[in-house]
Amino acid sequence: MTADGTVRGRPDSAPPPAGGTGGPERGSEAARRATFHRLERATADLEPPFAVVDLPAWRRNADALTRRALAKPLRTATKSLRCRSLIHRAERLPGWHGVLAFTLPEALLLATDTPDGESGITDVVVGYPTADRTALRRLATDPSARERITLMVDSVAHLDLLESVLGEVGRPDPEPPLRLCLELDASLRLLGGRAHIGVRRSPVHDPASARALAEAIARRPGLRLVGMMAYEAQIAGIGDAPAGAPLRALAVRGIQRLSGAELRERRAAAVAAVRAVTPLEFVNGGGTGSVARTAAEPAVTEIAAGSGLYGPVLFDGYRDFRPIPAAFFALTVVRRPAPGIVTVLGGGWTASGPPGRDRLPLPVFPAGLRYLPTEAAGEVQTPLVGAAARDLRPGDRVWFRHAKAGEPAERVNRLHVIDGDRIVEEAPTYRGEGHAFI
Ligand SMILES: Cc1ncc(COP(=O)(O)O)c(C=O)c1O
């Protein structure tokens with residue numbers, strides 16, 4: 001499992017994914033083809049490589065996530081979008097509120113009003129701890145940012161660091177104080193802690209440790225605890241219906257049932273223990289893969305979600321919610337090394353996490369293309385084989401889906417947002433705006 005909770009859906013020994021699965025409008029080959037023809041018409045004037053977001057699919061994904069959240073607000077996970085315009089679009093959806101950012105410099109960008117009068121986002125939780133003293137100094141000296149941004153903490157060491165920055169800028173006791181969110185570890189520990197199922201995030205696992213940290217925060221005048229977060233990666237980030245792996249599916253479901261039951265009790269107890277010390281504005285949990293399950297926990301007040309809007313390949317293997325693929329990228333065929341093989345320029349848009357075939361982009365259109373096992377997705381060129389390769393010529397396009405949601409935005413300067421058969425927006429990515437936050 002990776003630090004963000006996704007796991008390898010296909011074992012390394014499995015054959016490379018065949019193209020043609022998991023396209024838009026799942027289940028209907030004709031509808032899938034119609035969607036790609038529509039995307040082709042909309043992007044006819046573009047030169048690959050380029051990436052698109054298909055708005056009709058995005059909207060349906062947003063609606064499906066909203067319905068699953070059981071009237072609790074959804075907080076947009078920005079790492080899964082990495083494009084300001086689409087983050088704002090998500091954050092303004094009915095039933096959605098605030099963002100879960102991934103770095104403090106990013107949070108400062110999102111929370112700041114733009115010179116042309118657009119209001120910054122007023123509720124930005126940084127979902128991971130920060131040790132960026134430069135950004136912390138900016139936060140410490142900006143009252144408006146301090147009202148809008150909440151920092152993640154999981155230890156007294158974090159509190160010490162924050163206090164030392166406050167001291168450095170001569171504001172040991174700012175008004176408003178720094179807003180903090182306490183991260184509770186959501187992993188499942190078995191065999192007296194010898195088996196750890198989940199990701200390695202916070203060391204705060206039990207209600208007593210959560211309470212102790214809340215008390216430590218309460219003793220520090222420059223800091224105020226306003227929220228709690230626990231991300232159950234072993235549930236939200238692991239598909240319980242992996243294709244062609246029925247035994248694995250059974251194992252995943254069993255572990256997720258066990259973990260869900262354990263977490264429900266422990267999270268409720270930890271939230272109660274912290275609330276006994278400090279009132280909380282929010283308790284955040286879950287992700288795209290667990291929206292309905294997490295929303296059903298009374299202790300949770302809001303759910304984080306982002307990937308479900310784009311619908312990347314790693315989210316194909318879930319029973320409860322399979323987002324419609326809404327994000328694609330296109331590459332150009334540049335040569336035919338042999339009959340039955342075509343080579344596209346570029347292609348190595350592999351995803352983070354434990355290296356494996358499930359981290360590769362999936363060629364989806366034309367259907368029936370797959371990688372050569374000896375080369376897979378290459379740095380500057382990618383050979384593809386399969387029935388469709390016979391008819392492809394230099395200059396033709398191949399469409400891919402990325403394994404993960406946010407990472408393709410690090411490859412392109414803009415996302416072409418498509419509605420119907422035209423481009424309705426050229427949305428700059430973080431990279432396109434010159435930001436390398438991570
Ligand atoms: C803290 C946290 N919450 C939620 C999520 C889920 O985001 P998504 O909906 O994009 O899977 C993540 C993803 O890694 C996360 O780190």
Side-chain angles (χ1 to χ4, degrees), residues 1-7 9 53 58 61-62 64-66 68-69 72-83 86-87 90-91 93 96-103 106-107 124-130 150-154 181-187 198-202 204 227-240 263 267 282-295 297 300-318 320-323 325-327 351-354 402-409 437-438:
M1 185 183 295
T2 69
D4 58 11
T6 53
V7 292
V53 173
W58 154 293
N61 288 336
L65 288 164
T66 310
R68 280 170 172 72
K72 292 187 179 174
L74 283 153
R75 184 180 287 279
T76 306
T78 65
K79 78 160 184 71
S80 304
L81 301 182
R82 303 195 202 190
C83 165
L86 287 165
I87 289 166
E91 205 265 330
L93 286 165
W96 294 57
H97 175 78
V99 298
L100 188 72
F102 54 101
T103 73
E106 178 212 10
V124 181
V125 176
V126 186
Y128 314 83
T130 185
T150 303
L151 302 173
M152 196 61 57
V153 294
D154 64 29
C181 177
L182 190 162
E183 179 162 359
L184 177 75
D185 175 36
S187 67
V199 291
R200 295 287 181 177
R201 295 181 63 117
S202 172
V204 179
M228 279 182 76
M229 184 187 85
Y231 174 52
E232 55 270 55
Q234 70 280 13
I235 300 173
I238 301 187
D240 62 354
L263 181 60
R267 177 152 44 196
F282 66 89
V283 177
N284 182 282
T288 290
S290 76
V291 174
R293 205 213 64 80
T294 308
E297 279 190 35
V300 174
T301 66
E302 60 169 49
I303 322 298
S307 299
L309 294 168
Y310 287 166
V313 177
L314 282 171
F315 283 86
D316 283 354
Y318 289 73
D320 176 56
F321 174 49
R322 293 177 70 199
S352 59
H402 201 273
K404 297 185 78 174
E407 292 177 25
F437 289 124
I438 221 156

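In listed order, ligands and their atoms are each counted from 1.
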Can you name the atoms of ligand 1, numbered from 1 with element, that are less than 4.0 Å from a heavy atom of [X]?
{"X": "Ser80", "answer": "8 (P), 10 (O)"}
{"X": "Lys79", "answer": "13 (C), 14 (O)"}
{"X": "Ala304", "answer": "3 (N), 4 (C)"}
{"X": "Tyr128", "answer": "14 (O), 15 (C), 16 (O)"}
{"X": "Met229", "answer": "1 (C)"}
{"X": "Leu100", "answer": "1 (C), 2 (C), 3 (N)"}
{"X": "Phe315", "answer": "11 (O)"}
{"X": "Gly286", "answer": "3 (N), 4 (C)"}

- [ ] Quick one: look at Arg201 and ligand 1, take heavy-atom pairs under 4.0 Å, and tell me if it's side chain, backbone, both or neither.
- [x]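 Answer for Arg201: side chain.
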- [ ] Could you see which bit of Asn284 sits under 4.0 Å from ligand 1, with heavy atoms only: side chain, backbone, both or neither?
- [x]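 Under 4.0 Å from ligand 1, Asn284 contributes no heavy atoms.
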Open item on the list: Nearest 0.5 Å, please: how far is CD1 in Ile303 from CZ in Arg68?
Closed with: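 Nearest 0.5 Å value for the CZ-CD1 distance: 13.0 Å.
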Could you establish whether [X] and ligand 1 come within less than 4.0 Å of each other, counting only heavy atoms on the residue side?
{"X": "Phe102", "answer": "no"}
{"X": "Glu183", "answer": "no"}
{"X": "Ala305", "answer": "yes"}

Minimum-distance pair of heavy atoms, taken over all atoms of [X] and [Y]:
{"X": "Thr301", "Y": "Pro73", "value": "O-CD, 3.3 Å"}
{"X": "Leu86", "Y": "Trp58", "value": "O-CH2, 3.6 Å"}
{"X": "Leu309", "Y": "Asn61", "value": "O-ND2, 3.1 Å"}
{"X": "Gly285", "Y": "Glu232", "value": "C-OE1, 4.0 Å"}

Task: Evaluation steps, side-chain contact (heavy atoms from CB on, under 4.5 Å), between Arg267 and Glu297 - done: CA-CA 9 Å; Arg267 177 152 44 196; Glu297 279 190 35; 2.9 Å; yes
Task: Identity of the nearest option to atom 6 (C) of ligand 1, non-hydrogen atoms only, from Gly306, Ser290, Gly287, Gly406 - done: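 Considering heavy atoms of Gly306, Ser290, Gly287, Gly406, the nearest to atom 6 (C) of ligand 1 sits in Gly287.
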Open item on the list: side-chain contact (heavy atoms from CB on, under 4.5 Å) for Lys404 and Tyr310? Distances and angles first, verdict last.
Closed with: CA-CA 9 Å; Lys404 297 185 78 174; Tyr310 287 166; over 6 Å; no
- [ ] Among Val126, Ile87, Val125, find the one that has a side-chain contact (heavy atoms from CB on, under 4.5 Å) with Val99.
- [x]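 The residue from Val126, Ile87, Val125 that satisfies side-chain contact (heavy atoms from CB on, under 4.5 Å) with Val99 turns out to be Ile87.
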TODO: Give a yes or no answer on whether the side chain of Tyr318 reaches the backbone of Ile238 with a donor-acceptor pair at less than 3.5 Å.
DONE: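 Between the backbone of Ile238 and the side chain of Tyr318 there is a qualifying donor-acceptor contact (under 3.5 Å).
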